[in-house]
Amino acid sequence: MDYQSTRGPLFASDAEAILRGIAADGGLFVDPSLAQRPFDWRRCLTLSALEMQSMILSHLLPGIPDMDALVRRAYAGKFETEDLTPLVEVGGDSVLELFRGPTAAFKDVALSMLPQLVAAAKEQRGDTSETVVLTATSGDTGKAALEGFHDVPGTRIFVFYPHGGVSAVQRAQMVTQEGANVTVCAVRGNFDDCQTAVKRAFALLSGDERLRARRQELTSANSINIGRLAPQLVYYFLAYARLLERGRIRCGDPADYVVPTGNFGDILAGWMAKQLGLPVGKLVCASNANRVLTDFFDTGVYDRRRDFFKTDSPSMDILVSSNLERLLFYVSGGDTALVRRCMEELSREGFYRFPDALTDRLREEFCAYCCTDADGAEEIGRLWREEGYLCDPHTAVAVRAAREYKKDRVSHAPLVILSTASPYKFPAAVLAAIGGGAEGDEFAEIDALARLTGVPVPKGLSALRGRAERHRDVIGVEDVVPYIQNTLSEE
Ligand SMILES: *Cc1c(COP(=O)(O)O)cnc(C)c1O
């Protein structure tokens, strides 16, 4: 089975697609036969979480051998619960907790698996090079990538974060990272500077003779890689299986899912699960004040020419949602010329208009809502007061969308709200929303939140205090490329 580019007739095996990340024409790799190949979804629902993940990944990435072992290596003992992503009942709806992994954010589900897929893809292709992962992070992705890649044979990872630009907890998570193959470095600049420096490193070092001589290949861990998307379908199945077990739904009846959305990977995984047969009703796309997707589903026009807002839900502060491109491919029946035209217009003009007939088709499966930080804070406060459930500011955006969606909809399908971060990752905003406060740094806020609510602090966060700082380098933006070169040539 071949993957193909969303923008034209470029094909790759699943292993190649994982190793390349992005197609040579700038498109994203998709499986054009996703909805056609038979998948026994009913059997899948009877399996344990890890078996379920293995069955789904074997179907999506059939060229990767030994999936059971890879899945065990990725998850066993690393998540707080056997279930990976527990489903909890909150006020008549269900909240799917995606943050029970090592870094307390939902990116763990995929970034625990990606390194295993990369290692297996290399083995399958007889590729003995060293994979060098370069990551710029505004906080969460860096730590989740470090957790996934540390000590994975044949790989090494660099993470660059803005000096003074991440929270105290995020910094502590990264600079205490252990592992012989990891490098973490602060860059004097903001996140955009970091990202630009890393992009320049890719451009300058991809053809670098010294790297080639040492058989080092650069890659990125960001969410356009199919190896990061594929591991995300499983939790839609897990949620449905729990609803069945609890008698909340009859097998075959749809459940609706509300998804706090940034780069559109999380919600697209739900749509892909539906293509495998899972009875998914509506997918509700929840955005913060950066409402580019809400406007897109309303009007069919994707327009990034607008102000960028820094919000309390920073992982959703995105104006170009990369994974939407995959949905455009599928809903247009694989019209690569149309997708290419839209993406070219987006980069050239800053917007595109998707054909009306196709936008109508999207609206049959998706709807979209957005809210402000104040709306989100209100939801955190209300959920805590009325249900005793503490949620983070990203999840709060989805909780708000769920409330509005329920006013608008006609169906009574069970509603699953995806929760993407532990409230302890954003203690200041959560404390403020429930009427608390704290003097001091973020660790003091975590303590105050724990005292006030009694909700347990995730192990990975409480263990940070007092752990030795191993990565103290701070460099200028201009130094990123030589820093990588020097570090790579040290051995
Ligand atoms: C990345 C992230 C999101 C957005 O997920 P996408 O797949 O980018 O849409 C939402 N919440 C949190 C906490 C995240 O880290």
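As the structure lists them, so they are numbered: ligands from 1, and atoms in each ligand from 1.
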So is D392 polar-close to ligand 1, meaning N/O to N/O under 3.5 Å?
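For ligand 1, there is no N or O atom that lies under 3.5 Å from one belonging to D392.
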When you compare ligand 1 with N263, is there at least one nitrogen or oxygen pair between them that comes in under 3.5 angstrom?
yes
Numbering the atoms of ligand 1 from 1, which are under 4.0 Å from a heavy atom of [X]?
{"X": "P260", "answer": "4 (C), 10 (C)"}
{"X": "G265", "answer": "6 (P), 7 (O), 9 (O)"}
{"X": "A421", "answer": "13 (C)"}
{"X": "T261", "answer": "9 (O)"}

Just by distance, no angles: are the side chains of [X] and [Y] close enough, under 3.5 Å, to form a donor-acceptor pair?
{"X": "Y75", "Y": "D108", "value": "no"}
{"X": "S313", "Y": "T311", "value": "yes"}
{"X": "D303", "Y": "Y352", "value": "no"}
{"X": "Y302", "Y": "D295", "value": "no"}

Of the choices K425, M316, K107, which has the non-hydrogen atom that lies closest to atom 2 (C) of ligand 1?
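Minimum heavy-atom distance to atom 2 (C) of ligand 1 goes to K107.
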Should one rank T103, D108, T420 by closest heavy-atom distance to atom 10 (C) of ligand 1, which comes out on top?
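Checking each option, the heavy atom nearest atom 10 (C) of ligand 1 is found in T420.
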Would you call [X] and [Y] a salt bridge, taking side-chain N to carboxylate O under 4.0 Å as the test?
{"X": "E349", "Y": "R305", "answer": "no"}
{"X": "E469", "Y": "R171", "answer": "yes"}
{"X": "E325", "Y": "R7", "answer": "yes"}
{"X": "D83", "Y": "R242", "answer": "yes"}

For [atom], grab the closest protein heavy atom and report residue, atom and distance to one decimal in Å.
{"atom": "atom 7 (O) of ligand 1", "value": "D266 N, 2.9 Å"}
{"atom": "atom 5 (O) of ligand 1", "value": "F106 CE2, 3.5 Å"}
{"atom": "atom 9 (O) of ligand 1", "value": "G262 N, 2.7 Å"}

Pairing residues for F191 by the ring pair (Phe, Tyr, Trp, His ring centres under 6.0 Å) criterion, not counting sequence neighbours:
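Ring pair (Phe, Tyr, Trp, His ring centres under 6.0 Å) check on F191 returns nothing, list empty.
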What part of F264, side chain from CB on, backbone N/CA/C/O, both or neither, has a heavy atom under 4.0 Å from ligand 1?
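Contact part for F264 vs ligand 1: backbone (N, CA, C, O).
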Just to check, does A105 reach to within less than 4.0 Å of ligand 1 when the distance is taken from its heavy atoms?
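It does not; every heavy atom stays at 4.0 Å or beyond.
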